[in-house]
Amino acid sequence: MANVKTRLLKENIAKVLMQLSGITITGSLFLIVGTILYKGLPYLSWEMVSQLPQGGFYIGKEGGILNAILGSLYLGTVSTGLATLIGIPIAIYLNVYVKNGSFLARTSKLIFDVLFGIPSIVYGAIAFSVMIWMGIRASLLGGIITITLLTIPIVVRTIDELLKTIPIDLKHVTSSLGATKWEVAKILLRYIKPGIFTAILLAFGRAIGDVAGVLLTTGFSDNLPIYIDEPAATLPLAIFFQLSSPIPEVQGRAYASALVLTFIILFIVICTHYLASKQKKHKI
Amino acid sequence: MYSLSSIETKETQNIIFPTTQPHIQIKDLNVHIEGKHILKNINLSIPNNSITSIIGPSGCGKTTLLKTLNRLVDDTKGVDVTGSVLVNGEDIYGKHAEVTHIRKKMGLLSQKPFPLPMSIFDNVAYGPRIHGERDKKILKGIVETQLRNVGLWEEVKDRLDASATRLSIGQQQRLCLARGLAVKPEIILGDESTSALDPISTQTIENLLVELKKDYTIVLVTHILRQARRVSDYIIFVYNGEIVEFGKTEDVLLHPKNEITQQYVKGFIT
Ligand SMILES: Nc1ncnc2c1ncn2[C@@H]1O[C@H](COP(=O)(O)OP(=O)(O)OP(=O)(O)O)[C@@H](O)[C@H]1O
Ligand SMILES: [Mg+2]
């Protein structure tokens, strides 16, 4: 048996390691946010967030990135919304309707694990070839479909994990009251409601920040994303294009765009936390 | 309670029980879980309007036996059930058996209380609501009646809209009982329903169950012999997946016929 001294030593080593990684993560976060703020803030202007790119925007002249802001918001919210609408029923089906441990349950979980891990460029490439085959050009719709497919596994896996944390007795007492599977499912959803916001948040973060998935399927455009069958701009791609420019002005705008993207995500995070905290009332 | 003048008698495990169409009859029940033989050749008639306790050492199959009665065992991975369980003469494992309907007849009181994630009122009203009751007045009536039934009304009548999880564990368990009673079951199943409760709450629940047996058939799993003795009319002793002894409480606890039962009752097997 290890004596108290060595056990305490282990405890302290573990503690130091945890603190170190904590500091590293927090440090990197500050470094990233700091860099974006330092490099982007001077270029962030009302003009930039309220105007479309004017002639010469990409060589440092006037205009803004409103097209990309709206494009990303559009793409992010619609895809996340669709992924949630499709993903939650899938997770519910796998946990409530499919028999525990059955072939269908096991294979579908495996498939969603794999889909979860596939890089978005693969989704983009596959969607792109399908679109070519169907004669559809790069468009907002193509992007929405691709990003929805990309985020469904995130929703399914997160909700699935949440449903697994529910004690089986809750399911049992509910069905003992004569509840149908659908009614049981509704109780389970109510139980995990705060967690669902987290799932949506994760999906949204992935959806709005993805570059590879939209590169081939959505294209880019200087116009407002009004028509679903036309190419649309997105913030990550706008950042990418501007950052590749040799002109310092444009590079600065890339950081300003990154700042805008960060603000959007921050805003969504705050909203989700607020909504989730409102749901805790009946949590067991 | 059972007049010997009952027309029909049935032999179960060598004990004669008068039967006036028992609520629950188990015939040649065998349960395998992932290939393991968990319940072996169970034949049993559970007497109506009385409390029957299932006792036995840990892992002997008490919970499994209880769960086969309302088909919650269906949820277990790799389970295989053969034989039949007749509830009011209808085989719940039969081809046309409808699980939702079967379960409604049997209230379940779990080991720990599991209030639904909603208010106290909604917990009790949940069952009647899903079964189609929409009238607010009637729902209010049901909630009050059932909360009074379990002696919770005075304690919660001013905070019916509060979350059920704010109640103490003992109150939650009584709430769960009220919630179960609100769907008008015929049978109450309890799996160590007092094991998470303090002595006072335990006593409250026990008294309630004794009170309720005039209207319900009650089956309890317990590993507390004193509790089995306090509340039950009949005892089923399960050992290693088999029913070793079944009879009147005094008979099984005070004059057990079987050697293993004797040892268990004396506390040699736990
Ligand atoms: N889901 C399961 N998978 C595999 N084996 C199981 C499962 N559930 C129960 N068993 C086995 O079935 C047997 C009976 O279990 P059961 O839970 O019915 O026992 P119990 O008498 O209720 O015990 P306790 O007093 O500890 O609650 C045990 O040997 C257990 O290991
Ligand atoms: Mg048990």
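Throughout, a chain's letter reflects where its sequence line sits, starting with A, and its residues are numbered from 1.
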query: With respect to chain A, which residue among B/V99, B/D75, B/I102, B/L109 yields the maximal number of heavy-atom pairs within a distance under 4.5 Å?
result: B/D75
message: Could you tell me if A/D210 and A/S120 have a donor-acceptor pair between their side chains, going purely by distance under 3.5 Å?
response: yes
query: Going by atom types only, do B/T204 and B/N207 share a side-chain donor-acceptor pair under 3.5 Å?
result: no
Within 6.0 angstrom of B/K140 NZ, more than 12 heavy atoms from elsewhere: no
- prompt: Is it the side chain or the backbone of A/K181 that comes within 4.5 Å of chain B heavy atoms, both, or neither?
  reply: neither
field: Which portion of B/R71 sits near chain A, non-hydrogen atoms under 4.5 angstrom
entry: neither
- prompt: Looking at B/L72, B/D191, B/L189, which one has more heavy-atom pairs under 4.5 Å with chain A than the rest?
  reply: B/L72
message: Quiz question: by atom type and distance under 3.5 Å, do the side chains of B/N149 and B/E211 form a donor-acceptor pair?
response: no
- prompt: Checking heavy atoms, do the side chain of B/K67, its backbone, both or neither come under 4.5 Å from chain A?
  reply: side chain
query: Could B/E144 and B/K157 be called an ion pair, given the rule that one side-chain N must be under 4.0 Å from one carboxylate O?
result: no
Any side-chain donor near an acceptor of the partner, A/D160 and A/N95, under 3.5 Å: yes
query: Do you know which of B/K77, B/K112, B/M106, B/H101 has the most heavy-atom pairs under 4.5 Å to chain A?
result: B/K77
statement: Applying a strict 4.5 Å limit to non-hydrogen atoms, the region of B/N70 in contact with chain A is side chain
